[in-house]
Protein chains: 2
Amino acid sequence: MGTTQLETAPEPKYWHLKTVLSDALDTEFSVGEILPNERDLAARFGVARATLRQALEQLELEGRLQRRRGVGTTVAPPRVGVAVDPARHTWPGATGDDWQPVAAEEAATVPAPVARLLERAPGEPVHVVRRSRVSAGRPVAAELLYVRTDALPGCADPAGPDPAARARAVLHALQALDLDGQDRTVELGSASAEDAKQLDRLPGAPVLVVTTRYVSGGRPTAVAVSTYRADTCRLTFGERAAEPVLTG
Amino acid sequence: MGTTQLETAPEPKYWHLKTVLSDALDTEFSVGEILPNERDLAARFGVARATLRQALEQLELEGRLQRRRGVGTTVAPPRVGVAVDPARHTWPGATGDDWQPVAAEEAATVPAPVARLLERAPGEPVHVVRRSRVSAGRPVAAELLYVRTDALPGCADPAGPDPAARARAVLHALQALDLDGQDRTVELGSASAEDAKQLDRLPGAPVLVVTTRYVSGGRPTAVAVSTYRADTCRLTFGERAAEPVLTG
DNA sequence: AAGTGGTCTAGACCACAGC
DNA sequence: CTGTGGTCTAGACCACTTC
């Protein structure tokens, strides 16, 4: 807060601003409270609005703030813990998972990385199931599940006008297979236009991308690409997953 | 400004720019190649430099680009898969892990969240060990490991002028304990000044924060906070962790 | 209509790498 | 030194929500 900073210079303004704001959030604000608007904040701290926004972006990335166009900036609640690895080996769609089927279709083209994981040529058809995950009343993740069509011979019929019903049919057929195992990767990504809409965020919002491969009969049978909101989610793994805030 | 775009408007320029650049990276550039500088690129696409930078930031976040001040922007190699969950239950520092001890000290103050995980009051002393993880010759993660001092009675002596030696001593003492289990969380964060230096990034760079809690004797004994470079790392979990990107 | 955050511009200067 | 990316400014307009 000093005035003369003779040799503390090399620290960028937005970085210093961020720490000041972060401390203020801890001491002077409570969850859900709305902050002054960006123009006022910038004026108060004597910086350009762009600089103030750089600090706010960092804080939003860390899950401290939530910004909504047309509304304002509010103090975000602590990140929600979502269980990703239920030690038990089960297919997606098993009873008790937190996902809701949205739609399904048989697609001829899949992203190249997914095709590689499935050990299929990019042109061969696969079932594509879109699902949604909700926690504490808020959407936390969107998913695209790819299943080899030849693994579900009884499910080759795409009939039914209801997209959600088709999705449930594919998921139900999966449960009959033996599951040898699964492996997972987690990386940072940015939300596609569709995922963003499903997650109630803007396109490009940071997401944690969880890629799960399911192995059955000695070969990869399904691949799930789940995108979690990085600002509001904390992924939990292991035995006693997600103690602080979790439903059941 | 260029021509009339009557109804293609709602897509932000930087978003469109990002997809154009992404396609160009796939088709016209190879890994390691350097791109034209930002001023030239901005001029070529007819946008302000700030807008061009917004697109580049997204691509860097997705691990497609690498930018270094004073050098330039290069096409990044595919993300490195790093194994995080070696199904085997072992303490940090067990033979065969990929971490290098850097230093250790006995600290009286620990971050509040860590103290809570350790079920210690924020004031009680703990061992703090800093470690570094290197993969493919590049630093990929920095870690702070917190260990209850009362769990390592034989290690109460902080002697030794060599920081790395002290770190090894703490890790070695850990191995003698029984390990009941461990649980983990993954979330998005931004690099602190120290982590940034260790990771060869700028402060605030996006990182994947892995928090691991080790339980011994029925109570939490150690907590590791590992920060992985989000731009270059893909965390892998499960049995067949981290098989190289290409399957031939 | 008013107020918010989101996008965009055209400049300027700074910090750093390499010659 | 030159050239690069990083920071910062002061303004403008747009998209959205709310009243």
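The model shown is predicted, which means the values in this text are computed figures rather than measured ones. Each chain gets a letter, A, B and so on, in the order its sequence line appears, and its residues count up from 1. Worth knowing before you read on, the calculation uses all heavy atoms, side chains too, and leaves out hydrogens, waters and symmetry mates.
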Asks: Rounded to the Å, how far apart are B/L56 CG and D/dT4 C1'?
Replies: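 In whole Å, D/dT4 C1' lies 13 Å from B/L56 CG.
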Asks: Starting at CD1 of B/I34 and ending at P of D/dT4, how long is that distance when rounded to a whole Å?
Replies: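 So the two atoms are 9 Å apart, to the nearest Å.
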Asks: Can you tell me if the side-chain N/O atoms of A/R68 get under 4.0 Å from OP1 or OP2 in C/dT4?
Replies: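 No, no such contact exists.
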Asks: Does A/T73 put a side-chain nitrogen or oxygen below 4.0 Å from OP1 or OP2 of C/dG5?
Replies: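 True: A/T73 side-chain N/O within range (under 4.0 Å) of C/dG5 OP1/OP2.
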Asks: At under 4.0 Å, does any side-chain N or O of A/N37 touch on OP1 or OP2 of C/dG3?
Replies: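 Checking C/dG3 against A/N37, no side-chain N or O comes under 4.0 Å of OP1 or OP2.
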Asks: Exactly one of A/E62, A/R64, A/R201 should register a side-chain contact (heavy atoms from CB on, under 4.5 Å) with A/D231. Which one does?
Replies: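 For A/D231, the side-chain contact (heavy atoms from CB on, under 4.5 Å) test succeeds with only one of A/E62, A/R64, A/R201, which is A/R201.
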Asks: Assess whether atom CZ of B/R49 is packed by more than 12 heavy atoms of other residues, nucleotides or ligands within 6.0 Å.
Replies: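 Buried by this count: over 12 neighbours within 6.0 Å.
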Asks: Could you state the CG-C1' distance from B/L65 to D/dT4, rounded to the nearest angstrom?
Replies: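 So the CG-C1' distance, B/L65 to D/dT4, works out to 15 Å.
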Asks: How close or far is atom P of C/dT4 from atom CD of A/Q66, stated in whole angstroms?
Replies: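 That distance rounds to 18 Å.
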Asks: May I have all residue pairs that pass salt bridge (charged side-chain N to carboxylate O under 4.0 Å, His left out) and include part of residues 187-200 of chain B, sequence neighbours excluded?
Replies: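 Residue pairs with at least one partner in residues 187-200 of chain B: A/R79-B/E187, B/R130-B/D195.
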Asks: In whole angstroms, how far is the P atom of C/dC16 from the CZ atom of B/R67?
Replies: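 Whole-Å distance recorded here is 17 Å.
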Asks: To the nearest 0.5 angstrom, please state how far the OG atom of B/S192 sits from the CD atom of B/Q198.
Replies: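 Atom-to-atom, B/S192:OG and B/Q198:CD are 9.0 Å apart.
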Asks: Could you encode protein contacts along nucleotides 7-13 of chain D as a string, one character per nucleotide from 5' to 3', using B for base contact, S for sugar-phosphate-only contact and - for no contact, with a heavy-atom cut-off of under 4.0 Å?
Replies: BSB--BB
Asks: Is the B/F237 ring parallel, tilted or perpendicular to the A/F237 ring (thresholds 30°, 60°)?
Replies: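 Taking A/F237 first and then B/F237, their aromatic rings lie parallel (interplane angle under 30°).
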Asks: Would you kindly give the CG-to-C1' distance between A/L35 and C/dT4, to the nearest whole Å?
Replies: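 Taking CG of A/L35 and C1' of C/dT4, I get 13 Å after rounding.
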Asks: Among A/V186, A/V114, A/V223, A/D183, which residue meets the side-chain contact (heavy atoms from CB on, under 4.5 Å) test with A/T211?
Replies: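 The side-chain contact (heavy atoms from CB on, under 4.5 Å) with A/T211 is passed solely by A/V223 among A/V186, A/V114, A/V223, A/D183.
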